[in-house]
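Dropping a structure here in structure tokens format, bear with me for questions.
Excluded from the calculations below are hydrogen atoms, water molecules and symmetry mates; all remaining heavy atoms, backbone and side chain alike, are included.
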Amino acid sequence: MEEVLVDLYNRAQSKGYGKSMEDFTTLIYSNDDVLEDMYGYVQSKGYTKSKEDFENLIGKKKDFQQPDSDSPSEDGSLESQKPTDFLDY
């Protein structure tokens with residue numbers, strides 16, 4: 001599971017994502033657009049299983065709750081990067 005997340009995180013970074021692995025994991029678990037993008041990416045690399053199987057592979061829990069979004073980031077400012085800023089739309 002972690003190897004897959006690391007690969008997906010590296011792809012996100014190559015697209016301009018600049019936050020931590022932990023933030024990325026929270027993002028992919030809580031943002032359906034990001035999850036869909038990453039699922040499409042793995043499919044383009046030969047993944048043939050269902051989206052549900054992909055969610056299980058990356059460790060997403062069905063009852064995942066996104067943390068409060070009003071919490072300040074490490075530098076004390078509120079997050080300004082949109083969750084999908086790094087996607088190819």
Under-4.0 Å salt bridge between Asp37 and Arg11: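 Yes, this pair counts.
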
Side chain to side chain contact (heavy atoms under 4.5 Å, CB included) between Val42 and Asp7, worked out: CA-CA 10 Å; Val42 297; Asp7 287 345; over 6 Å; no

Aromatic plane relationship, Phe54 with Tyr47 - under 30° parallel, 30 to 60° tilted, over 60° perpendicular: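 Perpendicular.
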
Nearest-0.5 Å distance, CD of residue Glu52 to NZ of residue Lys60: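 Separation between the atoms: 10.5 Å.
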
Salt bridge (Lys or Arg N to Asp or Glu O under 4.0 Å) involving Lys49 - partner list, sequence neighbours excluded: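 Salt bridge (Lys or Arg N to Asp or Glu O under 4.0 Å) check on Lys49 returns nothing, list empty.
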
Beyond-backbone contact of Tyr29 with Ile58, side-chain heavy atoms, under 4.5 angstrom: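 Side-chain contact under 4.5 Å: yes.
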
Shortest non-hydrogen contact between Ser20 and Tyr17, atoms and distance: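 Nearest pair, atom of Ser20 first, then Tyr17: O-CE2, 4.0 Å.
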
Over all atoms of both residues, closest heavy-atom pair of Met21 and Val6: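 Minimum heavy-atom separation between Met21 and Val6: CE-N, 3.6 Å.
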
Over 12 non-hydrogen atoms of neighbours within 6.0 angstrom of CD in Gln43: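 Counting other residues, nucleotides and ligands, CD of Gln43 exceeds 12 neighbours.
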
Distance (rounded to the nearest 0.5 Å) between Leu5 CG and Leu57 CG: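 Taking CG in Leu5 and CG in Leu57, the distance rounds to 8.0 Å.
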
Interatomic distance, Ile28 atom CD1 to Tyr39 atom OH [nearest 0.5 angstrom]: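 Here the interatomic distance stands at 13.0 Å.
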
Interatomic spacing from CE in Met38 to CG in Asn31 - rounded to 0.5 Å: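 Met38 atom CE to Asn31 atom CG measures 10.0 Å (nearest 0.5 Å).
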
